[in-house]
Amino acid sequence: MKTAVVVFPGSNCDHDAYHVLKHVLGQPTEFVWHKETSLSGFDTVILPGGFAHGDYLRCGAIARFSPIMDAVIRHARRGGTVVGICNGFQVLTEAGLLPGALLRNRTLSFLCRDVWLRVEAAGTAVTSKCRPGDILEIPIGHGEGNFFADEDTLDRLEGEGRVLFRYVSPTGVLDDRFNFNGSARAIAGIMNDGGNVFGFMPHPERNAEPALGNAQGRVIFESLVAGAGAGAGAAA
């Protein structure tokens, strides 16, 4: 699996994602600057966390028009795997590759802490090493992580099994006290109807090694290595 980590002006988790894939898991991984126009030869594309273009206008709104995004959209439409983490998730919604939007946290403050996620959809390219109901403790760091979509869209995501993760209590119970950013139906991550585009707000690249406190984020990247590649060579 060869992975492109897209770098926008303001990306700040690009090196974290690169490190996990390249140095922890030993996968061929390269940075791709946002002004590039091709993703030829890459199987997987990661849009990392950060503040692309300073999140001016709104989060992800300017990054969506970076030259590389045309190639990202082509890659996705041809079945290549695309993963948006935090700011990357926001960019994917702005680009129309995922439904919904990420609004200001209901606290109107930046949140940086560990949260607990319940795996809702196992067997995807980012959860192939998980079981339904697994609880993962993963960090968040965002000011606009409040996932919003209209009720019809939410019902469709639920009905089609496209909710990846939910914010839950440490014991795995839905509890609004642990839905820190106020996301609709406690949704922390979703995928597209083709099952090859994924977006989530938590940062598994920040806890993929024991030295970081826990390594529970590693399973997301191990899943990606095991489950991605169906769109190998599809990008252009």
Side-chain angles (χ1 to χ4, degrees), residues 1-23 27-103 125-126 141-145 147-149 189-201 203-206 220-221 224-225 228-236:
M1 182 188 81
K2 186 176 181 181
T3 302
V5 177
V6 176
V7 182
F8 300 97
S11 295
N12 63 19
C13 297
D14 43 348
H15 281 269
D16 304 69
Y18 178 93
H19 171 73
V20 174
L21 286 164
K22 179 78 170 181
H23 300 298
Q27 298 299 305
T29 308
E30 296 180 13
F31 292 117
V32 175
W33 183 234
H34 78 115
K35 289 189 176 181
E36 297 294 330
T37 58
S38 173
L39 289 164
S40 180
F42 290 103
D43 307 310
T44 300
V45 179
I46 291 183
L47 305 185
F51 303 91
H53 297 279
D55 280 346
Y56 293 120
L57 299 183
R58 62 181 178 274
C59 52
I62 298 177
R64 180 265 173 273
F65 293 102
S66 284
I68 194 62
M69 287 307 297
D70 286 338
V72 172
I73 291 169
R74 291 196 302 270
H75 183 85
R77 288 177 175 170
R78 294 174 185 176
T81 302
V82 179
V83 180
I85 303 172
C86 194
N87 195 214
F89 184 12
Q90 296 162 344
V91 175
L92 290 176
T93 61
E94 287 288 335
L97 289 174
L98 289 174
L102 283 306
L103 309 181
V126 294
H142 56 246
E144 293 92 7
F147 179 72
F148 172 83
I190 60 173
M191 60 183 169
N192 70 338
D193 55 3
N196 66 304
V197 179
F198 307 89
F200 41 85
M201 290 308 297
H203 285 274
E205 76 281 10
R206 293 185 180 180
I220 304 300
F221 290 95
L224 191 59
V225 171

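Given the structure is predicted, the values throughout are model-derived calculations rather than measurements.
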Take L97 and I73 through the side-chain contact (heavy atoms from CB on, under 4.5 Å) test and state the conclusion after the steps.
CA-CA 7 Å; L97 289 174; I73 291 169; 4.0 Å; yes
What verdict does the side-chain contact (heavy atoms from CB on, under 4.5 Å) test give for L92 and F198, after you've listed the backbone C-alpha separation in whole Å, the side-chain angles of each residue and the deciding distance to 0.1 Å?
CA-CA 9 Å; L92 290 176; F198 307 89; over 6 Å; no
Given side-chain contact (heavy atoms from CB on, under 4.5 Å), test M201 with Q90 step by step and report yes or no.
CA-CA 9 Å; M201 290 308 297; Q90 296 162 344; 3.8 Å; yes
Residues V32, V45; criterion side-chain contact (heavy atoms from CB on, under 4.5 Å); working and verdict:
CA-CA 9 Å; V32 175; V45 179; over 6 Å; no
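The two atoms that bring V197 and A76 nearest to each other are CG2-CB, 3.7 Å, heavy atoms only. Looking at every heavy atom in both residues, M1 comes nearest to L224 through SD-O, 3.5 Å. Nearest heavy atom pair, residue P204 against residue I85, reads CD-CG2, 4.3 Å. Closest heavy-atom contact between P9 and W33: CG-CH2, 3.9 Å. The shortest non-hydrogen separation linking S11 to V6 is OG-O, 4.2 Å. The minimum heavy-atom distance linking H142 with C86 is given by the pair CB-SG, 3.9 Å.
Under the 4.5 Å side-chain criterion, counting only non-hydrogen atoms from C-beta, M69 is in contact with V72. F89 is listed as a side-chain neighbour of I190, based on a closest heavy-atom distance under 4.5 Å. Annotation: side chain of F221 is not in contact with side chain of V83 (no heavy-atom distance under 4.5 Å).
Taking CD1 of I68 as the start and CZ of F8 as the end, the distance is 8.0 Å to the nearest 0.5 Å. Between atom CG of residue N196 and atom CZ of residue R78 there is a gap of 13.0 Å, rounded to the nearest 0.5 Å. Taking OG1 of T3 as the start and CG of D43 as the end, the distance is 7.0 Å to the nearest 0.5 Å. Taken to the nearest 0.5 Å, the OG atom of S38 stands 7.0 Å off from the CZ atom of R74. Atoms CD1 and CD, on I46 and E205 in that order, are 8.5 Å from each other to the nearest 0.5 Å. The CZ atom of F147 sits 9.5 Å away from the CG atom of L103 when rounded to the nearest 0.5 Å.
Side-chain atoms of N87 come within 3.5 Å of backbone N or O of A52 as a donor-acceptor pair.
E144 and R58 are not joined by a salt bridge, as no carboxylate oxygen comes within less than 4.0 angstrom of a charged side-chain nitrogen.
Taking the six-membered ring where the residue is Trp, Y18 and F31 present parallel rings, their angle staying beneath 30° rather than reaching 60°.
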